[in-house]
Protein chains: 4
Amino acid sequence: MRSVSQKATPDASRRSETARRAILTAALDLVGRVGYAKLTIEGIATAAGVGKQTIYRWWPSKGSILFDAFLSLTTDQQDGALPDTGDLAADLKLVLRATVDELQDPGFDLPMRALHTEIVHDPVLAADYATRLDEPMRELKRDRLRAAQRAGQMSEDVDLDVAVDLLFGPILNRWVQRTGPLTHEYVDLVVDTALRGLKP
Amino acid sequence: MRSVSQKATPDASRRSETARRAILTAALDLVGRVGYAKLTIEGIATAAGVGKQTIYRWWPSKGSILFDAFLSLTTDQQDGALPDTGDLAADLKLVLRATVDELQDPGFDLPMRALHTEIVHDPVLAADYATRLDEPMRELKRDRLRAAQRAGQMSEDVDLDVAVDLLFGPILNRWVQRTGPLTHEYVDLVVDTALRGLKP
Amino acid sequence: MRSVSQKATPDASRRSETARRAILTAALDLVGRVGYAKLTIEGIATAAGVGKQTIYRWWPSKGSILFDAFLSLTTDQQDGALPDTGDLAADLKLVLRATVDELQDPGFDLPMRALHTEIVHDPVLAADYATRLDEPMRELKRDRLRAAQRAGQMSEDVDLDVAVDLLFGPILNRWVQRTGPLTHEYVDLVVDTALRGLKP
Amino acid sequence: MRSVSQKATPDASRRSETARRAILTAALDLVGRVGYAKLTIEGIATAAGVGKQTIYRWWPSKGSILFDAFLSLTTDQQDGALPDTGDLAADLKLVLRATVDELQDPGFDLPMRALHTEIVHDPVLAADYATRLDEPMRELKRDRLRAAQRAGQMSEDVDLDVAVDLLFGPILNRWVQRTGPLTHEYVDLVVDTALRGLKP
DNA sequence: GAGTAATCGAGACGGTACGTCTAGTCTTCCA
DNA sequence: TGGAAGACTAGACGTACCGTCTCGATTACTC
């Protein structure tokens with residue numbers, strides 16, 4: 001796996017994999033322990049036992065470190081595909097309940113919020129996020145919905161991206177803005193109501 | 001209007017209204033001109049022609065300044081109520097189109113993103129935001145939906161908060177994550193699809 | 001007793017003697033407890049239970065407060081005249097030993113050093129010091145030496161100011177620069193050697 | 001030449017000699033132009049084109065900067081030894097007249113007073129001053145007086161330190177306290193009178 | 001294998017901003 | 001009106017990080 005974006009100069013073949021991993025691990029560890037606001041490059045370097053220059057050589061911004069760190073966190077648990085038991089509502093509820101559980105695990109919540117902050121202000125990072133993290137996940141979701149369409153459980157004329165947004169948008173928004181509790185009940189309500197609009 | 005949170009000590013009755021307004025104006029102006037990342041308390045103080053201590057005396061964090069600044073921005077344009085022409089879909093599209101237009105106006109987008117960032121990391125501020133900004137707006141939205149229920153245009157058994165989330169969540173989420181363009185067409189699609197699920 | 005120098009405006013007849021005394025006492029107390037470097041007008045005002053303005057109204061500088069405070073410290077113990085037992089050397093040793101003892105008493109040493117610092121940099125204060133504190137003392141010293149001249153114990157052609165400087169200068173200088181210990185032995189040596197040059 | 005005192009941590013071998021010299025020069029320049037009271041570390045850093053941290057890294061206090069600055073000022077003009085023409089009085093007058101001239105040159109007077117102020121309040125600095133500046137000079141003075149003893153112009157039983165204090169103490173004291181003008185006549189009087197006490 | 005070129009840990013550098021502290025002024029209310 | 005209280009503008013304090021830089025010491029390719 002390669003870093004988000006990198007200067008042309010350094011010869012990547014010589015890159016120390018040890019240092020790279022130490023930096024990403026330290027970044028994740030620190031963002032969980034001291035929080036995003038107090039996460040500093042200097043702190044990451046020290047915690048990783050690495051010179052500051054080694055970080056600046058390979059990453060253009062704090063956000064890109066977080067991105068790579070996050071990437072290394074999620075790619076380990078690549079599911080492959082969403083469950084398909086034939087019961088669309090049940091499958092979606094399963095996935096979304098797992099999502100809110102994850103979002104409430106501090107080890108995932110804090111880095112995710114940190115990355116989120118960077119994305120909000122950095123369009124380049126946002127694009128990278130969209131391409132490398134969001135889009136693959138979104139494709140899996142669309143796949144599942146496409147299957148539902150083929151099974152006659154979902155209207156054919158629904159835009160799949162809108163459908164995904166309708167299902168996941170409310171939950172993510174509630175997570176971000178903390179406008180209410182992220183319970184399984186809420187997930188179920190959203191899925192049921194949204195599906196009523198998606199059914200044929 | 002009172003500030004977000006304030007230390008017990010200072011005597012608020014002696015507070016300089018001139019300084020307060022200058023600070024909020026300068027904060028809004030600066031966040032729009034230099035961006036959130038380069039927004040500094042020192043910069044706000046200088047731009048407002050105010051001593052740093054005056055800021056630290058009355059606001060506990062940069063986020064709370066932004067909050068107050070944002071509050072002073074929105075309370076000027078209090079709508080009172082959402083439009084009600086009898087056509088729910090049209091009314092919602094009108095409101096949401098206005099929302100996305102606003103979210104794409106740099107003078108609103110940048111401060112909003114800045115405030116957003118603070119909210120993501122500061123639960124206290126998030127609670128304040130929920131109470132003082134989000135909830136009043138949400139109440140207006142619920143009112144319009146309640147009227148639709150009474151007019152038989154919306155199912156009676158729908159949770160109004162879930163309905164609001166279903167309509168606004170996808171849009172806000174796309175704004176935050178920049179996962180796609182915020183067009184009027186997208187708004188219309190979301191409204192139409194969501195309403196299908198909300199109809200009786 | 002009046003303050004060192006004062007603005008023309010305030011009507012001194014209305015001045016609160018209570019506040020004045022509280023300020024001078026607090027100044028002396030604080031300079032002894034926290035040291036000169038950390039002596040602040042604000043601190044004096046708080047310790048004296050007095051508004052800052054009351055200080056600024058009546059004293060032009062921190063040095064002038066110290067001066068007045070010091071004045072109130074020394075005028076209580078006005079001796080009147082130096083001892084005259086007929087034995088010039090013994091009398092001088094007595095006075096100078098008392099002086100070095102005083103200079104080594106923290107309650108006197110610290111305020112004295114503080115005042116000293118102000119004098120070094122403020123010619124106006126230096127002049128005031130010379131006139132109101134140094135000169136009266138110097139006059140007493142000259143008196144004693146004049147008596148010695150009359151008694152034939154000291155040469156008639158010696159400049160009395162030079163004589164005083166010769167006797168007190170070395171001791172004060174050693175106190176200021178801490179170039180050596182201020183012992184009674186040192187005092188005796190200085191007196192004996194200096195007197196050899198002053199004798200007829 | 002090394003700085004007054006330095007933290008154990010920083011690696012002195014990496015110290016920038018350019019920055020060090022710029023800081024000392026700026027300190028001397030500023031103390032002469034704006035005076036000691038308005039001499040700030042921030043000002044020195046700016047004038048020297050140096051980061052504040054570079055100053056704080058190598059000097060523990062403003063006084064120690066002044067000390068080093070002063071040291072760099074005086075070591076350039078190392079005399080080696082006091083003049084010895086055989087005429088003790090004339091030689092001393094020459095030296096002391098030069099001293100008072102120097103003390104009245106603003107380029108020397110102001111930094112000297114500034115350093116003096118720090119010494120009065122900082123025993124550590126005072127010790128450093130005594131060892132590195134005062135003692136070497138004093139040794140030269142003692143040398144000259146020792147030569148005078150060998151030449152039979154000065155009593156053998158006089159403590160040389162007391163003799164030095166008797167000659168220089170009055171002058172320095174008058175400089176510090178401004179109790180009178182520092183003229184060549186005064187110098188001559190002090191030398192003549194003191195020498196009367198020091199002769200065999 | 002020796003030479004060489006780039007990365008590595010380390011940390012000093014010129015800067016900027018932090019949050020605190022004090023200066024000296026101004027305003028309000030009390031006695 | 002003087003005094004207690006304390007908010008105000010201004011700006012220095014000493015600290016923390018930024019991103020750049022230079023320094024040997026590995027370390028991995030090239031010849």
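Because the structure is predicted, anything quoted here is derived from the model rather than measured. Letters A, B, ... are given to chains in the order of the sequence lines, protein chains preceding strands, and every chain is numbered from 1.
Using a distance-only test at 3.5 Å, with no hydrogens or angles considered, no donor-acceptor pair links the side chain of D:Arg178 to the main chain of C:Ala126.
Contact between the side-chain N/O atoms of C:Arg57 and the OP1/OP2 oxygens of F:dG3 is found at a separation under 4.0 Å. Considering only side-chain N and O atoms, B:Trp59 lies nowhere under 4.0 angstrom from the phosphate OP1 or OP2 of E:dG19.
In this structure the side chain of B:Leu66 reaches within 4.5 angstrom of the side chain of B:Leu39, judged on heavy atoms.
The interatomic distance linking D:Ile44 (CD1) with E:dG14 (P) rounds to 14 Å, in whole Å. When the C1' atom of F:dT9 is taken as reference, atom CD1 of B:Ile41 falls 17 Å away, rounded to whole Å. If you measure from atom CD1 of B:Ile55 to atom P of F:dC8, you get 11 Å, rounded to the nearest angstrom. Going from atom CH2 of A:Trp58 over to atom C1' of E:dG9 covers 15 Å, rounded to whole Å. Whole-Å rounding puts the A:Tyr36 OH to F:dC17 P distance at 14 Å. Computed from coordinates, the C:Tyr56 OH to E:dT27 P distance equals 17 Å when rounded to whole Å. The separation between B:Arg20 atom CZ and F:dA7 atom P is 17 Å, rounded to whole Å.
At the heavy-atom level, D:Gly49 lies under 4.0 Å from the strands shown only through sugar-phosphate atoms.
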Under 4.0 Å protein heavy-atom contacts per nucleotide of nucleotides 22-31 of chain F, with B for base, S for backbone only and - for none
-B----B---
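Along DNA chain E, the nucleotide closest to B:Leu39 and the one closest to D:Val50 are compared, and the more 5′ of them pairs with D:Val50. Residue-to-nucleotide proximity on DNA chain E shows that, of A:Glu42 and A:Ala48, the 5′-proximal contact is made by A:Ala48. Mapping B:Glu17 and D:Lys62 onto DNA chain F via the closest heavy atom, the residue that lands nearer the 5' end is B:Glu17. Both D:Thr40 and B:Gly51 sit near DNA chain F, but only B:Gly51 has its closest nucleotide nearer the 5' end.
Distance check: C:Ile65 CD1 to C:Arg20 CZ gives 12.0 Å after rounding to the nearest 0.5 Å.
C:His116 and D:His116 have their aromatic ring centers within a separation under 6.0 angstrom.
For the side-chain hydrogen bond (donor to acceptor under 3.5 Å, both in side chains) condition, the pairs that include at least one residue of residues 44-55 of chain A, sequence neighbours left out, are A:Glu42-A:Lys52.
Among A:Arg113, A:Glu118, A:Lys62, the single residue meeting the side chain to side chain donor-acceptor pair (under 3.5 Å) criterion with A:Tyr36 is A:Glu118.
Geometrically, C:Arg15 engages C:Trp59 in a cation-pi contact defined by less than 6.0 Å to the ring centre and at most 45° from the axis.
The base of E:dG24 sits with one of its N or O atoms less than 3.5 Å from a complementary donor or acceptor on the side chain of C:Lys52.
Looking at the side chain of A:Thr54, the nearest of the listed nucleotides F:dC13, E:dC8, E:dC13 is E:dC8.
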